[in-house]
Structure formats: structure tokens, C-alpha cells
Amino acid sequence: MDYQFAAIEQKWQKFWAENHTFKADSSSTKPKYYVLDMFPYPSGAGLHVGHPLGYIASDIFSRYKRLKGFNVLHPMGYDSFGLPAEQYAIQTGQHPAITTEANIATYRRQLDQIGFSFDWSREVRTSEPGYYKWTQWIFMQLFNSWYNLETDKAEDITTLIEKFNSAGSADVKAVCDEDVRSFLPSDWATFTTEEKQVELLKYRLTYLKESTVNWCPALGTVLANDEVKDGFSERGGYPVEQKKMMQWSMRISAYAERLLQGLNTIDWPEPVKEMQRNWIGKSVGASVKFAVDNSQLAIDETENSKLKTENYIEVFTTRVDTIFGVSFIVLAPEHELVQALTTETQKESIANYIAQTKKKSELDRMADTKTVSGAFTGSYVINPVNNELVPIWIADYVLAGYGTGAVMGVPSGDQRDWLFAKHFDLPIIQILDGQKDIEVEADPTKEGSYINSDFINNLGYKEATSYLNHWLEREGVGKAKVNYRMRDAIFGRQRYWGEPIPVYFKDGLPYLIKEEELPLLLPEIDKYLPTESGEPPLGRATDWSYEDQYEYELSTMPGWAGSSWYWYRYMDAQNNCDFAAKEAIAYWKDVDLYIGGSEHATGHLLYSRFWNKFLKDLGYVNEEEPFKKLINQGMIVGESAFAHSIGFNIGEDKSIDFLTEEWEAFERITEKYRFISGKFLSYDIVEILLKQHINPISEKEIEQDKKRKELFDFYTKSLYEELKNASLLDKVVVLPFINSYKIHVPIDYVNSKNEIDVLSLKQKDPRFYEAEFISENSVFRCSREVEKMSKSKFNVVNPDVLIENYGADTLRMYEMFLGPLEQSKPWNTNGIEGVFKFLRKFWRLFHNEEWNFHVEDSIPTKAELKALHKIIKKVQDDVERFSFNTSVSSFMIAVNELTDLKCKNRQVLEDLVIVLSPYAPHICEELWSLLGNTDLSNTSYPKFNPAYLEEAEFAYPISINGKMKMNLSLSLSLDEAQATETVLANEQVKGYLEGKTPKKIIFVKGKIVNIVV
RNA sequence: GCUCGGAUGGUGGAACUGGUAGACACGCAGGACUUAAAAUCCUGUGCCCUCAACAGGCGUGCGGGUUCGAUUCCCGCUCCGAGUACCA
């Protein structure tokens, strides 16, 4: 029988499901291998051809590892909490759980028909109570933990309480809020329960913090940063304002250093690691306190309590060695001391400046990095190293959120400071003899020795830095300090479709519910909108309170909560007593291979590492890093198609006055022809119209311009007629440019030659019912552009159609054949025929002319064994380095070779089936069973024997001066002297040498002969 | 601006440690089979010169360098993509 892919694929998918072929065993003696895909959010649109790319790669890898004797865990699940389902619920009133369920069903159907070897018995869904119970449980562990800097790990909060009991706050070295209190053990004993809770909250790894959110009053909701564009909501365009709210935060900053160091131990793509490094943003430097000079300042006794107790400005610098070059201090306009530091005379200019910066949107502030702006407060600090007075300025180039929100200005060494100093005429002090041209720009060099720097004069960079750090610390005015850019992560969302936070409030303080009360179920509500008073949707739930009296936390967890630990749940997905059993975690340990998109580089992948480290600190898991190896699959982008329409511009002759009716006619015609709607031009015409040569030189260009002129005249004919009828012809000029407009055309109506099936399009797409399509010959062309696949761009390719036409095995191989896994590429089906033909050819190897199954039990020939072992080696090399596209080509070569050899040998073909089976599992299972075998998935990968590839001779390329001229077959047993002798004796070689004597002969055994003359 | 990728025929791509550039596939052209079409099979296919063959020249974004030999290594640039953004 011919290759009946549909029947074969259904048969084996059913077989795998019924026999639980891919169920992973958590107590095997085989070595484990954990292959994980980033689980999808089940969107309503279903899978498009881009989604399975990574899944196919990981599936090939899993199946290959299984053949290589590993116990493979390869699970799949759904990240099923999320915004789109909630948005849909708001629009339709449909409960998100119902749409989510339906979407998951579609995903599952689509995934199943591609033939993945997932162990579905371990499926997880983050929105299932049985799953989010454990997400809530982890939240509780975080709430009950603090970060001890002495042990450098998280500990149970009870160890902190013990320290408070025995020694007060003095001994505690913790990552905590800035406003923690200092107290003695005796004080702690007198604290009320509430006071104790308030204090402990400042240490907990998840805690309440006042944060600003994007509040949109019109939508009555909080928006994420990417839902806000230029101060307006992306949806609807309503104004968005900054609102302060108490929000749950995660003290991820406690793990900054470990998250940074851990990157050196994992095999991840360098760009992802680099992004995480930047995100963490470690800088090593010093913090320095500059005492405020009070003599200039009339301190208001009532207002400036902070300035009274801490009479200094603290700055962070990475170049403490330049401290003698400080000629000003700059505070962020939002700095808390700005008001107190402003002298009477400067009040107005400071107020103006702050008002001005507030007006500037975030975007302006980022884009506008060239203009220097700032204002002088009128007061001064004293530089601790030389007691000189230094003016205090404010400027918006200093960010309130980084470091201390204050910098020391060293114009000779920092270009931004230099620009600031030049602009406001502040001194530029040279501090290193190595600095050059500091009148032209700053020179940040560290070379040379210090000058103008008192006690560090003549020292070099390293000595000076270390000396100053010690000096500052001894004087009590500063110390060496490491600063991180990474901020604590906000953990609350004012949304419905997420995990409820297992917290209730008593007297305004948060308390955890009891562990045995988990899961805290998501309550039913009438509408998925905020309450009238602006509370999150959970505020609508009725009869929803803790012990019938305490209000629950109303925000839910963010999207990343459920995905920050899911790989552990797969290890033991059905467990009701633990998030996963200790034994399962001990066996599976960590993820050996993780495949997913690079868009999760700093979100999911950073939070997951954080939670993993935390769980390890508490002893629940064993590995410091969760994902040993990471691969980013490239995006498959779509090729959008566009139909073009055009328009013309008319210019008026300014010297002539129009009559009123002429004006009206002019405006009417202008409007009509500016964009000719409903008329589309084939792209080949548009192309000619758009290309005009300013200075046509070549004959070709002149010819093109002539053609363009003809077309232009033709299409402006009716325009001229209308102008003539309105007697406007002499008073206006038709500009020789055309306006080009384009509109997305669904790619289903476009063939590979970019021709649009106009008839079908006009019938099926309402946007084109009335449209007119103009082309020179009966073909209408569109233009193409590569864009992200999305419904709105009409460029989505659904795998269902391809599977129907070619089968899953072809789809799997074709997606791999497209190119390297990590590269992003546009989707087109141009080559899919070739892959399908290959599978048919492969099928035919096992069949005779009449399509009857036929193999022979003969002794394989040398050539057959060579072809086989070449592919055995190639595939194992390729798969181990994730180069899946190259093995597809090699399979084609192997099948071509064996076809040419008329190979019908059972032994050879059997091994070939095993080697191909990770790529095209259905056809291989079928042939495997036709060969009389069972259990292909648990057989072994054939052993490579290099002996079959050994050759006695090699056709050496002979090059002269590095240029390849000819091939010469030589025995591989020849040594250099023998080989060169034979080569030089060859008549053809002599011909190339033209009697010249070779200067030198390069001979590389098995590679090349190069003759230098 | 900074960081990280990338650039090879008409197209997707191959060449793994510096050793025959363009494997494999698509497309295209020609041919066989067929009343015809589809399907299938065969042949050719980087560009240029040449009627053609032989031979030759040019060719991996551009300009240089190292080397017997460079798509591969080094220096300088152009363009495209991604990330990031005044980080003190």
C-alpha cells in the first residue's frame, strides 16, 4: 500500500495513549533525564505553526534519549491563569474557567495530533485548586521566612524571633526594609503582638509595601506597564494616573548575588544570561555621606526632622577614587530632602524645575537625554575628604529609584557630570595625570596617578580605591558598598483570574490562614470588574471572609506565580500531601533540558530561579539551579500579504485666488483622490509607480521612468477630467508623487507567487465585497512583509490544515528542516512537498513496485552498511548539539543512497527505522510492526561502528597556491613523502605546474594537498 | 547610545577543530510517461566570458590583515534583527 499517513498516525496515537507508552517511572534504575517545554497559556486562538517548533525539538530529544537508555520525564501542562480569559469574561460574562477549559481542549486535540510523547498523566493546570493550593503554600513559606545574611540563606521567621528575644535587633544581619527599628531584647518583650507583627513584616520574604501602580479611573482598574502607552490606556485610550497602594512584594533582592553567581554554573544562551545580569545590575562602589552645611540654611524646626537627625546626603558611587574631583552634588527632584535643602532665594526656581519635570512624561525623560537641565537648591555639603563646600543641585538625570537618589558630580571623569558642569559653569577638576582633554569631554580613565587629591596623590587606581574605602569607614562617613539595580517584585494584581493570596486582615495587619485550610478557593463573583469603590474584583464576593469576620486579601497573584515552581509538580503531579514527594524530587532533581522562547528571559526564568533557591534554603528541594540547560527556540514569524491602493496629491497655485465654488470643488476632488478607496492596484504596477529616479542615467532607468510616466498619466486621467470640469486645470498642480496605502489580505487567498485569488477574496471577505482589483494582466499581485503571527495581521498558519494534507510526521520534519532551532524564521510551506516526498521514498524502501511490503534477510553489503552507519553517527552528533535541521537533510541523503543501492536488507532497514523514529514516530512505528517487531519506544539506538566508514582511498583535492584545481585519488596509507611524490609525478598536475618548481608542498592526510609555486 | 545576535545562489539553508563553498530541499528549465492534466521519474541549474566544449575569471555584506590555504581567526566599517535605556 502507498503511504497512508492519516490512518497510520491515528492508529499509533491511539496505541500510545492506550498503552501509556510514555508514562515516566519515578523509581527506575535507569539514569533520569528531564526534558521540559515552557508550558503554554491556552489562548482562544489555538496553536499556530510557531508554537510546536520547540515542542517538536524537545520531543525528538526525549524520544532519542529514551532510545539511548534514559528514563525520560517529558510532561506538559497549562499556565491557565491569565488576562485574556478574564478580558473575555468581562466582555461576555462567561466564567474564565469555562473558556479556559474549552481552550485547553483545543490545545490538547492539536497537541495530540502532532504525536508528542508527553506523559499526560502528569498534566498540570495552574488554575486548578489542586495545583494552586501549593502555589499558595509556597507563598505562606515565603511569608514565614526571612533572609539571614550571616548564613546567606532564607530561614524560618522563628529564628529571627529568637534573635529578637535574646539579643534584640543589634545582632540581626538581614535583608529587610529600610525603616526597621533598633531595639533591645527587653524592648521586644514589651512590644504588643501588633507591634511585633509590624516589625516582622519588614523582614518577611513576602511583605506589604506601598508601591505606585498605573490606575485607570475610566476602566476602574490597574494596568500593567505594557498596557499603558504615553500615559493613556492602550485599550480605549483613557488617561492613566500613578496611584499609591499597599501591595504584596517579593524580597527577590535578597537573592541578587546568588542569582548573579548562579548564572556561571548553568548552560544557558549567553544573551539570556546577559539580560539577567543587566537586570540584576550589580555595581561595586562605595557609599559616602556628605554632611550638609547648615550655616546657609534656615532649618525649620518643625518640618525637617529627617535633616535634623541625619544631617547628611548619602551618595553611591562606583568611582570613590574620584572624590577629590567632586564639584557638585545632584539629587533626584523626588529626593526627600529637596524641600528642606532649598534656601529661601532658590525656592522659586526649584519649584519651577520640579513642576517642569513632573510635566515631562516618562517617555520624554528617557528620550531626551541630550538637553541638560537642573536647578540649584542654594545649600551646600561639605566634602568629607577635603572639607570643601560643594553646591547641591537637583536634576532629572538622577533617578530617585536607583542607589540613594543622589550622586556626586565629578565632571572630569563622567560625561553626564561634565555636560552638567559645562552647562551651569561649575568647576572641572582634573584628578588623574592620565586624564586627557578634559576641556573637551570627560575622561573616565583609571590610568595614571592621582593629582589634586591630597592624601591619595601619586597612588594608582586600585590602591586609592581601597585606601579611601578604609579611610571613609574609619572616619564614619562611608564604606565600600555593592549596589543592585534589581528591585523587589510586586506580587499583587487587582484581577480576578489568578491565585487568591492566602491572607486575611485583622486590625489592619496581614495574617496567614491555616495550612490545613488550603486551598483558599477563588470565590464566585457576579461580574469580573472592580467594585464601585475601586476595590479589586474579589471585593464583589459575598459571604467571603475568614472565620466570618476578617476580610481576605482582595488582590490575586501575578501570572508568574504558578509558573515559578511547576517543574516540581510534574515530578509528582497527583500528590495531595506535598507539592511533590521528597523521593520524587530526589530522583528527578532538576530539569536537564528546558526549551522555550527568549521573551521569558527576565521574567519567568528569573522568578523561577528565585523560588527554587528559596525552596532549597528551606530544604524542600536539592538543587541550587532549576534548569541546567536552556535553549531558546526562534520565533516563527508570518509572511503577511498586502493589497495596495493609491492616491494623488494636488497642490494649489498660491498666486491665484479661488472663488468659493472653486474652493469647494478643489476640496472635494482633493479628498476624493488623496486616497482612492475600494480600488486596489496589483503590486507590480504600484512598484513601478513608486520608484522614481531623480537622475535617471542608465537606459534601464530611463525606460522605467517612461513606463512610470505612462502609468501615472493613465491613472490620473479621470482626475484631470474632473479638474477640467471644475475649471481648475490651470489653477492646480497634480504632484508627481503617489500615496501608497496597503491593507492586510488573509494569506489563505495568496499563492506562493504572491498572486491573490481575487474572486474568492471578494466573495469571502466583507472588507472586499465592493472592491475593484486592477491589474495589467489577469494576475493580481500583493506585497509581502514578515511580521509576527497574529489574527489581526491575517497571517496565521494553523497546523491542522497541514496535518490534514501531509500528516504529522511531515509537519514535524518540516518544522525542523526550516533551519536552526534557535534562529527565527518566516513560515512558508514552499519546501513541505520535499519532506513529504522524502517520507514516501522512505516508505518505498520497505515496499516493492506493487507497493507490497517486502524486505530481504540477506547479508548487508559494505555500501549499505556505510550509508547506515553514516546516518547513525550523524543523527547522534546532531541531536546532542540540537542541530535538528541538519539531520533531516542527512536522512534524505541516506534514503537516496539506499534507494540507489536498491537496499531491501532487513537488518539495515530495521536500524534505519530506529534512527528516524524520534523525528517521524508514526511511520516508523508502522514499519517497525510490519517488520514484525514491537515496542519501538523502548528499543535501543543502534551502535555506531566506525569500521564501516573506513576508506582505503581518498580523492585528495589538489590545489595550487590555495586554489583547488583537481582531485586525485590516493591511498590513505601513503605518508607525506610518498604522497607528494605521486602527486608531482601525475601528468595532469605537471600540466598545471607548467614546468615551474614547487616552492613548498602542504600535505594534510585525508584532507588536502596544496602546491605552492 | 550600549549589549547580544545575524548577513552564503532565485528561496530555506549546509560546510562541526582554518583544508574541495553552495550538501539537502524548494523553485526554475528541459525531457520521459499520458489523448491531456495531475502524480511520478530522468537531466541541468552560483554568476560572468564563450555558439558550445575545453579552459578561464569572479564569487560567502564592505575594506584591510594573519596564513601555504579564511564563510571560519584578527582589525575597521555598512546594513538588518532582538534586548536595554540618563544605573552614578
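Residue numbering restarts at 1 for every chain, and letters A, B, ... go by the order of the sequence lines. Note that the structure is a prediction, hence the values are computed from the model and not measured.
Between A:Phe5 and A:Tyr806, the gap from one ring centroid to the other reaches at least 6.0 Å.
Among the nucleotides B:rG19, B:rC24, B:rA15, the one closest to the side chain of A:Arg881 is B:rA15. When each of B:rA88, B:rU20, B:rC16 is scored by its nearest atom to the side-chain atoms of A:Thr318, the top-ranked nucleotide is B:rA88. Residue A:Asn1010 has its side chain nearest to B:rG19 when only B:rG13, B:rG19, B:rC16 are considered. Distance from the side chain of A:Ile1002 is smallest for B:rC68 among the nucleotides B:rC24, B:rA14, B:rC68.
Between A:Lys273 atom NZ and B:rA82 atom P the separation is 24 Å, expressed in whole Å. Look at OH on A:Tyr397: it is 13 Å from P on B:rC86, rounded to the nearest Å. In this entry the distance linking CG of A:Leu821 with P of B:rG6 reads 15 Å, nearest Å.
By the 4.0 Å N-to-carboxylate-O rule, A:Arg840 lies close enough to A:Asp2 to be salt-bridged with it. Taking a cutoff of 4.0 Å between a charged side-chain nitrogen and a carboxylate oxygen, A:Lys870 and A:Glu897 qualify as a salt bridge.
Using a 4.0 Å cut-off, some side-chain N or O of A:Gln823 falls inside it from OP1 or OP2 of B:rG13. Applying the 4.0 Å criterion to OP1 and OP2 of B:rA25, one finds that A:Asn896 has a side-chain N or O inside that range. A sub-4.0 Å separation between OP1 or OP2 of B:rC16 and a side-chain N or O of A:Thr886 is absent.
A:Met275 comes within 4.0 angstrom of sugar-phosphate atoms only, judged by non-hydrogen atoms across all strands, and of no base. Among the heavy atoms of the strands, none lies under 4.0 Å from A:Asn828. At a threshold of 4.0 angstrom between heavy atoms, the contacts of A:Phe817 include nucleobase atoms, whether or not backbone atoms are also involved. A:Lys837 comes within 4.0 angstrom of the backbone, heavy atoms only, and of no base. Residue contacts for A:Lys1005: at a heavy-atom cut-off of 4.0 Å it reaches no nucleic acid atom on any strand shown.
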Which string of ( ) [ ] | and . matches RNA chain B, if you list each base 5' to 3' and count Watson-Crick or G-U pairs only when both distances are under 3.5 Å? (((((((..(((......[....)))((((((.......))))))(((.......)))..(((((..]....))))))))))))....

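Between A:Gly403 and A:Ser959, it is A:Ser959 whose nearest contact on RNA chain B lies nearer the 5' terminus. If A:Lys1000 and A:Asp417 are placed on RNA chain B by their nearest nucleotide, the residue sitting closer to the 5' end is A:Lys1000.
Comparing the C1' positions of B:rA29 and B:rG46 gives a spacing of 16 Å, expressed to the nearest Å.
B:rG9: glycosidic angle within 90° of 0, hence syn.
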